[in-house]
Amino acid sequence: MASTLKTVDIHVENGYRVVIGGGLLAQCGQILADVVGLCHAAVIADSTVAPLYLGTVEQSLRDAGYCVSSYIYPAGEAQKNLTTLSDILEFLAAEHLTRTDCVIALGGGVCGDMAGFAAGCYLRGVRFVQLPTTLLAAVDSSVGGKTAVDLKGGKNLAGLFLQPSAVLCDTDCLSSLPPEIFADGAAEAIKTGVLSDEGLFRLFDTDNLTGDLSEMIHQCIAFKGRVVEDDEFDTGLRRTLNLGHTAGHAIEKCAKFTISHGHAVAIGMVIIARAAEKLGWCQESCADRIAAVLKRNALPVSTNFSAAELADAALSDKKRTGGTITLVVPEKIGTCCLKTIPVDQLQDVFEAGLEE
Ligand code: GLY
């Protein structure tokens, strides 16, 4: 194992280790043998990721002694639906996976969410491993156990919590990501900086965020791990991880999902930071700093959708609870809070956030 690997242990009921570093896909069989034992491993990947990495993963698993079956589905956010989920479940059944076997998600957030959901409901639950290959999955979605598919009624409306047995984040996968996919992950990492740590935020205030990303990923996962340990099932503190997501989800919806999640969250962060300044909810102005860092990382910071359109879209979102909605408000870089407002005030908040 390379000496530069970093680890984060996630202390939930079924705790697990996140390993971060180069060359991990080629070593996954030997590492996983110690964690889940030798078994039948069903690797799930999409049609973009499979040609790049599936051969390496299958080889490593077989060399370690695993029986391996692989399922490839067409790439794209639109595939994150009940039909693909059903196809994955039928594949697991056709391959005769048993309770002692293991599902492996090889890919980005969509793959992790769907393969995790399949693992959570196949035979009422089998073990599950995440091998994230995008920055977004590396810094956020591969850790914490949220799994889901989209329904016609909205994003992530069907799902369950299933913590992975292990997360192996091979940073070598990240150097060849297309710039817009890398930027999606940068948005979630910048979000983590705004939530937790000025130093992490400042890592993105540079024109050359290249080279070894493992320290940055380690910081993001260490923070997320602490939040998940405190609130595994997303009833309190974990909701702060949705900074920028109320407006962000609304933007995705208004744009009929032609704007990617990370790009929409970037705009959403600026909207809520501006609103927080205008409405006197923050300790220090930070909207301009957030916008500048997002722009520097090739992310958008404004939208042409109106406050009314965004409020309409947001209020059909799952985060609405009765007559109120809870927003994540940046008080200054490194500190955020939850603020619950009546739903009929949301349009005014967006109005304030959209003003320059
Ligand atoms: N991505 C937000 C969460 O895991 O809660």
Side-chain angles (χ1 to χ4, degrees), residues 8 10-16 18 77 80 105 107-117 119-120 128 130 132-150 154-164 166-167 169 181 183-197 200 216-252 260-269 272 314 317-321 325-330 336-338:
V8 181
I10 310 291
H11 300 101
V12 286
E13 192 179 344
N14 292 310
Y16 54 98
V18 182
E77 183 78 33
K80 190 176 155 181
V110 169
C111 180
D113 279 10
M114 278 201 302
F117 193 2
F128 161 56
Q130 291 262 20
T133 60
T134 65
L135 185 59
L136 188 144
V139 298
D140 185 39
S141 63
S142 63
V143 173
K146 278 189 180 175
T147 78
V149 295
D150 301 337
K155 275 190 70 158
N156 296 331
L157 288 190
L160 45 79
F161 286 96
L162 177 69
Q163 298 294 341
V167 180
C169 173
I181 306 285
D184 267 329
E188 293 284 357
I190 292 166
K191 176 201 80 176
T192 307
V194 176
L195 285 173
S196 68
D197 183 355
L200 174 59
M216 180 274 286
I217 295 168
H218 181 267
Q219 286 183 41
C220 289
I221 294 304
F223 172 72
K224 181 160 182 181
R226 290 195 295 276
V227 172
V228 169
E229 285 163 8
D230 185 275
D231 176 23
E232 184 175 351
F233 297 107
D234 203 17
T235 55
L237 180 69
R238 186 164 179 175
R239 292 182 297 165
T240 57
L241 300 181
N242 286 326
L243 173 65
H245 283 56
T246 303
H249 279 166
I251 290 165
E252 284 182 273
S260 67
H261 180 68
H263 285 60
V265 166
I267 302 168
M269 276 193 281
I272 193 63
D317 188 270
K318 64 180 172 156
K319 281 172 209 69
R320 180 178 170 174
T321 312
I325 186 162
T326 300
L327 304 173
V328 188
V329 175
C336 292
C337 67
L338 293 172

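Just so you know, ligand 1 is whichever comes first in the structure, and atom 1 is the first atom listed for that ligand. Every heavy atom of this structure was used, including side-chain atoms; hydrogens, water molecules and symmetry mates were not.
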Problem - atom 4 (O) of ligand 1 - nearest protein heavy atom and its distance - result: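 I find the closest protein heavy atom is Lys224 NZ, 2.6 Å.
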Practice task
Distance to 0.1 Å, residue and atom name: give those for the protein heavy atom nearest to atom 1 (N) of ligand 1.
Solution key: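 Scanning the protein heavy atoms, the shortest distance from atom 1 (N) of ligand 1 goes to Asp140 OD2, 3.0 Å.
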Problem - ligand 1 N/O within reach of Lys191 N/O, cut-off under 3.5 Å - result: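 No - when backbone and side-chain N and O of Lys191 are compared with those of ligand 1, no distance drops under 3.5 Å.
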Practice task
Looking only at distances, please establish whether an N/O atom of ligand 1 is found under 3.5 Å from an N/O atom of Arg238.
Solution key: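 Such a contact does occur with ligand 1.
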Handout entry: Side-chain (Gln163) to main-chain (Gly144) donor-acceptor, under 3.5 angstrom
Key =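 Yes, the answer is positive, given that a donor and an acceptor are paired below the 3.5 Å cut-off.
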Practice task
Taking Thr147 for its side chain and Gly159 for its backbone only, find out whether a donor-acceptor pair lies under 3.5 Å.
Solution key: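 It does not hold such a pair.
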Exercise for the section: State plainly whether the residues Arg226 and Glu229 are in salt-bridge range, i.e. N to O under 4.0 Å. Expected result: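 Glu229 and Arg226: not salt-bridged.
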Practice task
Could you establish whether Arg239 and ligand 1 come within less than 4.0 Å of each other, counting only heavy atoms on the residue side?
Solution key: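 It does not; every heavy atom stays at 4.0 Å or beyond.
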Problem - side-chain contact (heavy atoms from CB on, under 4.5 Å), paired with Ile221, selected from Val228, Asp140, Val8, Thr192 - result: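 The residue from Val228, Asp140, Val8, Thr192 that satisfies side-chain contact (heavy atoms from CB on, under 4.5 Å) with Ile221 turns out to be Val8.
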Exercise for the section: Could you tell me how the ring of His249 sits relative to the ring of His261: parallel (under 30°), tilted (30 to 60°) or perpendicular (over 60°)? Expected result: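 Taking His261 first and then His249, their aromatic rings sit tilted (interplane angle of 30° to 60°).
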